[in-house]
Amino acid sequence: MRGRQPRDPPRPAPARAYHRRVPDPRPDDVTPSAAATTVPDLAGPLLPWYLAARRDLPWRAPDATPWGVLVSEFMLQQTQVDRVLPRWHAWLDAWPTPADLAAALAGDAIRAWGRLGYPRRAVWLHAAALQIVERHGGRVPDDLDALLALRGVGNYTARAVLVFAFGQRHPVVDTNIRRVLARAVDGVAAPGPPNARRDLAAMARVLPRDAGRARQFTWAIMELGALVCTARTPACDRCPITDRCRWLLLGRPATTSRPARRQARYEGSDRQARGRIMARLRAATTPLTEDALIAGAPDATQARRALASLVRDGLAVRAEAAEASQTRPSGARPGDGADEPHPCWRLP
DNA sequence: AAGGCGGGGTA
DNA sequence: TACCCAGCCTT
């Protein structure tokens, strides 16, 4: 048998899965070596272009608070700027500080999230606000590990807050940056599979030394990916770095790598079933029976499965019996019998 | 490493 | 229709 010795005593699991967290690149990863030759100067042409072409976004304004930046990053996870803007304003009007959100019900956050999609993000942002109050006195932390320990904050969001809210110099990599670097530096049409450590090192290689310029450069390269160097039809005729983009200089070769995993069709999916239930929960002012939640669903089994998954995600909770008064048969009283024929559900 | 998770806009 | 989007979490 294996001689497992007590020299390796079991230790309590960390509160968060730090093993998945990726540290900033070490200088060794960034310093040009024999393998990593010179990289093009992207900041030179990109910064002036950005100053002229940038969108006027409120979370980039000088008066944006770290909390406002954090809220924007949550909302922008897989959701486009135009859809986020109105919800971001309403959110900060309602909850200008983490403490304001922490004092609210998660259900109010879910309602304010509206149809932005992935409503778990609203639950996570609410949980993060509670953590910010409990651990950091209500101030958004300006430390990488502290940010990564917040619910719903991953490698992108944590560094985005450090850079955009606090002006620190860190590499940041999102889907736009991955694509621009794949084309401009690697000379390929599309980035390979995401690899946080490698992607961060690639960004670190082109990041200006000065923290202020690095911040502007990060905004700039993301803006380029969003407005010019787009996934489908890049507008190279409007690109400020055509003289040094390796992909363009190679003649824009088609991608050779396997396309990224596709998302399953939405029509008829469990996601759609969840979305329908969430719409009813958001609209309801009193708890709803399961029958009311799944009425009209094309697949009742799927709808019940969706409701169960929403409960697991903290997006729906069982209502207390007293709250569901309208569903109780007349004459019945709380505690009558052991049966509870009409379980009810509401937002948390 | 892969799969689940919204929903709207665009080609 | 299929693809895309300022990702994160779980398994």
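This structure is a prediction, so every number in the text was calculated from the model and none was measured. Chain letters run A, B, ... following the sequence lines, proteins first, then strands; residues in each count from 1.
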- [ ] Decide if atom CZ of A:R139 counts as having more than 12 heavy atoms of other residues, nucleotides or ligands within a radius under 6.0 Å.
- [x] no
Open item on the list: Checking contacts here: which listed nucleotide (C:dC3, B:dG8, C:dC8) is nearest the side-chain heavy atoms of A:Y156?
Closed with: C:dC8
Open item on the list: With a 4.0 Å cut-off on N to O distance, would you call A:R274 and A:D313 a salt bridge?
Closed with: yes
TODO: Could you work out the separation of C:dC3 and B:dG6 based on their C1' atoms and round it to a whole Å?
DONE: 15 Å
- [ ] Could you check whether A:I277 gets within reach of a base, just the sugar-phosphate, or nothing at all, counting any heavy atom under 4.0 Å?
- [x] nothing
Task: Spacing of A:L76 atom CG relative to C:dG7 atom C1', expressed in whole Å - done: 11 Å
Open item on the list: Over all strands shown, is A:V153 touching base, sugar-phosphate only, or nothing at heavy-atom distances under 4.0 angstrom?
Closed with: sugar-phosphate
Open item on the list: In whole Å, I'd like the distance from the CG atom of A:L310 to the C1' atom of B:dG4.
Closed with: 13 Å
- [ ] Identify, between A:A264 and A:R282, the residue whose nearest nucleotide on DNA chain B lies closer to the 5' end.
- [x] A:A264
Task: Closest to the A:R274 side chain, choosing from C:dA6, C:dC8, B:dG6 - done: B:dG6
- [ ] Provide, to the nearest angstrom, the distance between the OH atom belonging to A:Y118 and the P atom belonging to C:dG7.
- [x] 10 Å
- [ ] Would you indicate what A:W219 reaches in the nucleic acid, counting non-hydrogen atoms under 4.0 angstrom: base, sugar-phosphate, or nothing?
- [x] nothing
Open item on the list: Can you identify which nucleotide, out of C:dC4, B:dG7, C:dG7, has its nearest atom closest to the A:R83 side chain?
Closed with: B:dG7
- [ ] Starting from the 5' end of DNA chain C, give me the residue, A:S72 or A:W124, whose nearest nucleotide shows up first.
- [x] A:S72
TODO: Go through the N and O atoms of the side chain of A:R232 and the base of C:dC4, and report whether any donor-acceptor pair is under 3.5 Å.
DONE: no
Open item on the list: Rounded to whole Å, please give me the gap between CG in A:L148 and C1' in C:dG7.
Closed with: 13 Å
TODO: Would you mind classifying the nucleic acid contact of A:P194 as base, sugar-phosphate or nothing, using non-hydrogen atoms under 4.0 angstrom?
DONE: nothing
Open item on the list: Students often get this wrong, so: under 4.0 angstrom with heavy atoms, is A:R265 touching a base, only sugar-phosphate, or nothing?
Closed with: sugar-phosphate
Open item on the list: Is the ring pair A:W88/A:W59 parallel, tilted or perpendicular, if the boundaries are 30 and 60 degrees?
Closed with: perpendicular
- [ ] Check every strand shown and say whether A:R179 touches a base, only sugar-phosphate, or nothing at a heavy-atom separation below 4.0 Å.
- [x] sugar-phosphate
- [ ] Would you indicate which nucleotide in C:dC4, C:dG7, C:dA6 comes nearest to any side-chain atom of A:W59?
- [x] C:dA6
Open item on the list: Side-chain N or O of A:R121 versus OP1/OP2 of B:dG4: is the shortest distance under 4.0 Å?
Closed with: no
Open item on the list: Heavy atoms only, 4.0 Å cut-off, all strands: where does A:L116 land among base, sugar-phosphate and nothing?
Closed with: base
Task: Nearest-angstrom distance, P atom, C:dC8 to B:dG9 - done: 24 Å
TODO: Could you check whether A:R120 gets within reach of a base, just the sugar-phosphate, or nothing at all, counting any heavy atom under 4.0 Å?
DONE: base
Task: A:R318 charged N/C atom sitting above A:W345 aromatic ring, 6.0 Å / 45° - done: yes
- [ ] Please state how far atom CD in A:Q80 lies from atom C1' in B:dG7, giving the value in whole angstrom units.
- [x] 9 Å
Open item on the list: Taking any heavy-atom pair under 4.0 Å as a contact, classify A:A231: base, sugar-phosphate, or nothing.
Closed with: sugar-phosphate
Open item on the list: Work out how far the C1' atom of C:dC9 is from that of B:dG8, and round it to whole angstrom.
Closed with: 23 Å
Task: Sidechain N-carboxylate O distance under 4.0 Å for A:R159, A:D24 - done: yes
- [ ] Give A:S269 one of three labels, base, sugar-phosphate or nothing, depending on what nucleic acid heavy atoms sit under 4.0 Å from its own.
- [x] nothing
Task: Between B:dG4 (P) and A:Y266 (OH): distance, integer Å - done: 15 Å
Task: Proximity to the side chain of A:E73 - top-ranked nucleotide from B:dG6, C:dA6, C:dG7 - done: C:dA6
TODO: Could you tell me the separation between the CD atom of A:Q272 and the P atom of B:dG7, rounded to a whole number of Å?
DONE: 9 Å
- [ ] Write down the distance between CE (A:M75) and C1' (C:dC5), rounded to a whole number of angstrom.
- [x] 16 Å
Open item on the list: If you only use heavy atoms from C-beta on, which nucleotide in C:dG7, C:dA6, B:dG7 is closest to the side chain of A:R115?
Closed with: B:dG7
Open item on the list: So, using side chain to side chain contact (heavy atoms under 4.5 Å, CB included) as the criterion, who are the partners of A:A303 when residues are at least two apart?
Closed with: A:I294, A:A297
- [ ] Looking at every strand, decide which applies to A:Q263 at a 4.0 Å heavy-atom threshold: base, sugar-phosphate, or nothing.
- [x] base
Task: Partner residues of A:W49 under the ring pair (Phe, Tyr, Trp, His ring centres under 6.0 Å) criterion, sequence neighbours left out - done: none
- [ ] Determine the contact category for A:T79: base if any of its heavy atoms lies under 4.0 Å from a base atom, sugar-phosphate if only primed atoms, P, OP1 or OP2 are that close, otherwise nothing.
- [x] base
